[in-house]
Each structure stands twice: as structure tokens, then as C-alpha cells.
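Report on the structure given below.
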Amino acid sequence: MRSHASVKNFIASNARVGIGAILSILLTPLIVKYVGDVEYGTFRVFIDVFSYFSLVDIGIYSSFIVVLNQKLALNNSSSTSRTFYVAKRFYKRVFSVALIIFFITSPLIIYLVKTEELSQSNIYISYLILFFSLFNLLFKVHQGFLEANNESSYISVGGIIQNLVFSLGSLAFSYYGFGLIGLSTSFVISSLLPYLIYFLKVRKVISKVKVTKDEYKEEVKNVNKLTRANFLVHLTGKFSLYSDTLIISFILSPVSVTYYFISSRIITLAATLPGAISSSSWAAMGEIYHSGDHVKFNEYVLKISRLILVSSLLFIAPLGFISRSFVNIWIGQKYYLGEFFVSIVIFNLFVQVLMNFWGWCLSTTHHLDRAIKMQYIGLVVNLTSSIVFTFYFDEVGPVLGTLLTNIFINFPWLIYLMKVIYGISPFVLLRSIFQHFFIMIFLIYLYLKGQIIEVSIWGELIGSSLLLGVVFLIVVYLVGMNRTEKKFYLDLVKRLIRR
């Protein structure tokens, strides 16, 4: 049952990514055209700054879904409902705290956006509009229940609606001259709608229960055992993830943020496909681990790690050959930051989606606290190196800082944790993923040597991309899969053809 749900979640997640990619490709050039590079780049800074408010729950969300996942696995409906209502009450307090923090810190946004082309009042008012999105905190627990119950397909449906509303709303507001204020308004409307779906779905399956003060304290106490680790790991992770555009905006300009976003956009969209594998499988992995079958858990860690890397080779790696042509046809050559930038972004995401899966394993098995020191050191190295590199290499600086942190800190440290916590041999783990990394490094060598596809019209780009996809499919099948995987996928194709 869990495996079927995971497949459903994976399909829905990919549908969300596909629709989001199509909307982004079709509408981003028009939105940038209507609002201009400065306002669009400023809006991207807004989004990354606002993303830090996901930390306002001090890691409670991640902790609650792990606890809910355990109780759902035990089929204890009354205990599950009690945890749900405790979380709901807690998030009312979180919402109040978030509002206070938002209004206290909001004047700082003016100093993060380095431009003379926009008035301070326009920047400030546009940012203040985003506070309405904080109302989704009141329904955050509904999303958490769906995720813990392995029903993230509903979250993906909400994401599809969000993409549609935001993209079309941004286009309409931009066309009619609302600029930065219009983009902020579209973001607010689109971010609130999915939570209506989560609320309507969950209210039908959760039984109403009364929670006493003692029960509330006990539930919060259980969650707090996990909260510190979740908070610290998510805090450092968020700073590392969203610091890039802030560094670029502060040191360079919002225009540079626009170039950074556009040059990496198709790659980051593609990375969500292999990323969906880990986000769709963590609940099932948690159930296996908590059932006591640790041997099976370790086997699945290796299998899913390989599956993620195979998916990355199929969906992320080929983009290095077509990125220049894509950006040129899509928006314009001036927005392309070069093969060096693209190569680093591709390798960073190639490694990141794998590390994200290992991080989910630590979280769902209650070992996330073992990664706190790694996150602290990684954050310091990432921020410091990104700032220094930005002064010397402009927009490439932040991705170089991330590369340095991933290679020398995060990746080897996580391999060590997989050994000491689960008993997975580093040799076995590295041997299972070695060929995928070898292929990726060879491809980056080709990117940097200028072995790329250069075309000037959409028809040629689509045809070249399809041919490139076939070539990569053959190469990955022959070189990136073992015998068991080849047989599995070949049998799967045969079954699909027979149908």
C-alpha cells in the first residue's frame, strides 16, 4: 500500500514540476519584459528573504510530521488526532510570532536591494504585501498530516494550482503595469489557495478530540525531543540555500539576481524530478525502519540513492549541452552566465538531491541531531566562501561556495553518518554510486571544453533535446545501471508495451 502511494506521490510531484516548467518557460520572458530586470530581480530577493519565515515554527513542522508518521503507522486514530490538534493550537501561536517578526524586520529589505531605479516606498510596500502569505501558517498542520500519511500527491495538486495562479496572475499584473506590487500580490494569492485544498481534504479524516492542558504539554514535550535538531538543521540549511541571491543583490545588484535566476532556472526545475524520489519515499522508509527491519532499510538506502542519481543523469546532466541555446532562444543571450556557471550548478544539484535523501533518512529515523555540527560548519564555510568568491567571480561566486562546501564537508560527513548510524559501509555506498559520479564528471569536462549544442530556433532545440535524451537514456542504461536494474526497467517497458 505504501509503495503504491509513493508511486502516486512521485507521479503527482513530476506533474507539478512539468506544469511548473512549462508555465515558467512560456511566461517568464513576458513577465521580465513587462516589469524589467530590476523589478524582477528585486522580487526574487523578496521571495528568498520571505522563505526564512518558514523557520518561524522553530523546526516544529518537521518534528510533528515525524511523530504523526509514527502514529499513523500504528493505526492509532485517537492519538493521531490528538497530535494533530496540539499542532494546530501551537501554530496559532506561531502565526502571532511570525507577524511580529515580519513587521520588525521588514525595514531591512530596503538595504538588501541595491538599486537606485526603484523608490524605497515602492520596495517597502511591495514587500509588506507578502505578510498576507503568513496566514498559511494557520493551516500548516493540514499539509503536515498529508505528508506524514504519504499523501503528498494532494500537496502536489496544490502546487500545480499555485503555479497556475502565480504565473497567470503575474503576467496579468505585469502587463497592466502593476510591476513589483503586482508580483507580490500574485504570490500572496497563489500561496494561500493550496492550503484551502489541504484543509478540505484533512478535515474529513481527522476526528475531533478535546486536548487537555496536560495532554498538550505531553505532546509538545515529545515533539520537542526532535525540535532542536530539526530547527538547527533547517536553520543552517535555509541560510545556505537562500543566501545566494541575497549576497548577489547586496554585493552586485538586483539585475545580477535576474541573470542568476534565469541562467539556472531550467536546471533547478529539472532537479525537482530526482528530488521528488526522496520526498515521495521518506514516509515509507520511516515505516520500514520503525518496524525494526534495518537490513531492508539499508538495502533501500542503496537502491534509492542509485535511482536518484540515475534520474539526475537523465534529467539534469543533459541540460549542460543545451543551456546556452535555451537561454538565448528563451529570453536572450545577455542573461546567460556561461558554461562554467552552468557546470557548477549542475554538479551542485546532482550532489544535493542525493544528500537531501540521506538527510530525510536521518530525520525520519530520529537521528537528525547527528548532523547539527556538519550543518554549522557547512554554513560558515558556505557563506564565507560565497561572499569572497562573489567579489572575485561575480554571479558565479555563490555556486562556487556551495561546491566547496558540498565536496569537502557535507558529502563526506553524510557518508560517515550513514556508517556510524546505520552500519552502511562507506566502501559499499561509494561503490554503488561511483559510476554515476564518473559519468557526471566526464560530462562536465565536455561542457567546459565547449562540446555543446548551439541552435537558434525552438524547433531545432526541441529536436536536439529529444535526440540528446535518447542518447543519455542508452548511455545510462548501459553504463549507469547494474544487471538487476537493467532487468527491472526492461521488464517494466515490456509490460507497458503489452498494455
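Remember, predicted model here, so these are calculated numbers, not experimental data. Note that these values count all heavy atoms, side chains included, but never hydrogens, waters or copies made by symmetry.
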Using a distance-only test with no angle check, is there a side-chain donor-acceptor pair under 3.5 angstrom linking [X] and [Y]?
X	Y	answer
T245	D48	yes
S263	Y335	no
W358	S305	yes
N122	S126	yes
S256	E395	yes
S167	N163	no

Aromatic contact between [X] and [Y], with the criterion being ring centroids under 6.0 Å apart: yes or no?
X	Y	result
Y259	Y336	no
F250	Y111	no
F139	Y198	no
F173	Y34	no
F102	Y127	yes

Mutual orientation of the aromatic rings belonging to F437 and F411 [parallel < 30°, tilted 30-60°, perpendicular > 60°]: tilted

Neighbour count >12 (heavy atoms, 6.0 Å) for atom CZ, F103: yes

Residue pairs passing the salt bridge (charged side-chain N to carboxylate O under 4.0 Å, His left out) test where at least one lies in residues 305-314, sequence neighbours excluded: R306-E485

Pairs meeting criterion salt bridge (charged side-chain N to carboxylate O under 4.0 Å, His left out) with involvement of residues 336-346, two or more places apart: R324-E339

Worked check of ring-ring contact (aromatic ring centres under 6.0 Å, His included) between F46 and F187: CA-CA 11 Å; F46 282 3; F187 176 81; 10.0 Å; no

Carboxylate-amine/guanidinium contact D37 K334, below 4.0 Å: yes

I316: which of L443, L309, V345, I346 passes side-chain contact (heavy atoms from CB on, under 4.5 Å): I346

